[in-house]
Amino acid sequence: MSGNCPGALADGSGMRLAVTAAENAAPLAPILLRGDLAAAADAAGKIGYRGIEIHVPDIWSFDAGGLAAACSASGVRVSALVSGQLNVRLGLSLSDDDPGIVERALEGLGLFVEAAAALKSGVVIGWVRGRIGDRDGRAVLARQAEAIRRIDVKAGDCGVPLYIEAINRYEIDSLNTAAEAVNFIRENGLKNSYVHLDTFHMNIDEYSFAKAIRQCGPLLGYVHVAENTRHYPGHDRLDFQEVFAGLERIGYGGFVTVECLPLPDGMEAARRAFEYLSRRFVFQT
Ligand code: LER
Ligand code: MN
């Protein structure tokens, strides 16, 4: 079964494979295609990927128009724009005690939404949510929720899906599981937000892949795949049969993006991941 998942960029004809890309990234960041984004789009298309996911270092100077032209020349879509660098590079977060920092994070996310609208893409909201730490969890989560409600409204105005990534407990201290992300979206009445699952994080915090995917159902909007070690799919022992059976069962029709360690190097990991996944599971070609 495929195609009944309203998860945002689904077009009714099944899952599509995408791969991570960035102009610059830390050596072991899980980003495979590095350097010029037009060259990355070209390389992704030549391997067989249907999409690239862009990790944007500075949304204030990001050239969405240039990327759109490069993607259309290479026949790939932008599966999502990832907002994590707002936090990692600029120290912005939706949980900060300083309202000015929350507003600046929202300004950045607003630009992400506008760029995603131009690219017919979505926006990943992960680390920019920020950490609770030793503060009052309820108050900080309420602040986070209020900020995400605001960006969710803007996303609706622009026709852009937001992907709320469930990230493992060692990286962030809220929304670590599918169930928590689903509840967050429902309790806050978010109309343009979907759950984003990542098999690397699921392997740490979920009871089972199948159960987590089932809990999301039509709210699943985006998926990252990597091994239990975060190497490329096929390198280790993660049960991708269970993952893809679960995705098929709920009719997931969005992007499945390879986000793994760039080892032995990014291009080779992108090739091996594509070969492993496309031989075993059915994707749009
Ligand atoms: C972080 O570990 C992760 O999985 C990225 O997708 C964060 O945006
Ligand atoms: Mn991820």
Side-chain angles (χ1 to χ4, degrees), residues 7-8 17-22 24-34 51-59 62 78-95 105 108-109 112-113 115-116 121-131 144 148 151 161-178 180-181 193-206 209 212-213 216 220-233 238 240 243 247 252 254-263 266 269-270 273 277:
L17 277 173
V19 60
T20 49
N24 289 299
L28 283 183
I31 295 173
L32 298 188
L33 304 180
R34 293 158 181 246
I52 51 171
E53 171 189 289
I54 311 294
H55 292 238
V56 181
D58 179 2
I59 193 65
F62 181 63
V78 175
S79 59
L81 300 176
V82 179
S83 64
Q85 294 300 312
L86 287 174
N87 180 255
V88 176
R89 227 179 120 252
L90 302 176
L92 302 175
S93 123
L94 302 177
S95 303
L109 285 173
F112 265 96
V113 167
S121 182
V123 177
V124 171
I125 300 199
W127 286 341
V128 71
R129 299 194 303 266
R131 294 181 71 89
Q144 241 185 63
I148 293 179
I151 201 68
L162 303 181
Y163 303 133
I164 311 282
E165 185 168 18
I167 296 178
N168 80 70
R169 72 186 94 160
Y170 303 109
E171 294 183 37
I172 201 163
D173 54 7
S174 64
L175 309 188
N176 307 116
T177 65
E180 288 165 348
S193 297
Y194 298 86
V195 182
H196 167 181
L197 293 178
D198 178 325
T199 59
F200 171 70
H201 302 309
M202 294 167 84
N203 187 59
I204 295 170
D205 275 317
E206 300 288 356
F209 298 110
I213 292 166
C216 294
L220 184 63
Y222 199 69
V223 176
H224 276 161
V225 285
E227 279 284 359
N228 52 297
T229 58
R230 219 172 202 180
H231 280 279
Y232 57 83
L238 196 136
F240 285 102
V243 171
L247 293 174
Y252 179 72
F255 278 102
V256 172
T257 298
V258 177
E259 185 196 50
C260 66
L261 294 171
L263 295 173
L277 293 169

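Just follow the structure's listing: the first ligand is 1, and inside any ligand the first atom is 1. Sequence positions, counted from 1, serve as the residue numbers for this chain. Hydrogens, waters and symmetry mates are skipped; everything else that's a heavy atom, side chains included, is used. On a predicted model such as this, the values are computed, not experimentally measured, just so you know.
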Task: Polar proximity ligand 1 side, Arg230 side, N/O cut 3.5 Å exclusive - done: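 For ligand 1, there is an N or O atom that lies under 3.5 Å from one belonging to Arg230.
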
Open item on the list: Ignoring waters, how many N, O or S atoms from the protein are under 2.8 Å from the Mn ion (ligand 2)?
Closed with: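 If we list every protein N, O or S atom nearer than 2.8 Å to the Mn ion (ligand 2), we get 4.
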
Hey, what do you get for [atom1] ([X]) to [atom2] ([Y]), rounding to the nearest 0.5 Å?
| X | Y | atom1 | atom2 | result |
| --- | --- | --- | --- | --- |
| Glu259 | Thr20 | CD | OG1 | 6.0 Å |
| Ile204 | Ile167 | CD1 | CD1 | 11.0 Å |
| Asn168 | Asp198 | CG | CG | 8.5 Å |
| Leu197 | Cys216 | CG | SG | 4.0 Å |

Please write down residue, atom name and distance for the protein heavy atom closest to [atom].
| atom | answer |
| --- | --- |
| atom 8 (O) of ligand 1 | Glu165 OE1, 3.3 Å |
| atom 2 (O) of ligand 1 | Glu171 OE1, 2.6 Å |
| atom 5 (C) of ligand 1 | Glu259 OE2, 3.1 Å |

At less than 4.0 angstrom from any non-hydrogen atom of [X], what atoms of ligand 1 do you find?
| X | result |
| --- | --- |
| Val82 | 8 (O) |
| His224 | 6 (O) |
| Asp198 | 4 (O) |

Task: Trp127, portion touching ligand 1 at heavy-atom distance under 4.0 Å - done: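 Under 4.0 Å from ligand 1, Trp127 contributes side-chain atoms alone.
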
Open item on the list: Could you check whether any side-chain N or O of Glu53 sits under 3.5 Å from a backbone N or O of Ala80, counting only pairs where one atom can act as donor and the other as acceptor?
Closed with: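 Between the backbone of Ala80 and the side chain of Glu53 there is no qualifying donor-acceptor contact (under 3.5 Å).
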
Task: Expected output: side-chain Ser121 to main-chain Val78 donor-acceptor under 3.5 Å - done: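 Here the side-chain-to-backbone pair exists.
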
Open item on the list: Contact between ligand 1 and His201 is defined here as a heavy atom of the residue under 4.0 Å from a ligand atom; is it met?
Closed with: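 Yes, that is the case, since the closest heavy atom of the residue is under 4.0 Å from the ligand.
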
Which atoms form the tightest heavy-atom contact between [X] and [Y], and what is the distance?
| X | Y | value |
| --- | --- | --- |
| Arg129 | Ser93 | O-OG, 4.0 Å |
| Leu261 | Thr229 | CD1-O, 3.8 Å |
| Val123 | Phe112 | CG2-O, 3.6 Å |

TODO: Please work out whether the ring planes of Tyr222 and Tyr163 are parallel, tilted or perpendicular, with thresholds of 30° and 60°.
DONE: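 Geometry flag for Tyr163 against Tyr222: parallel rings.
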
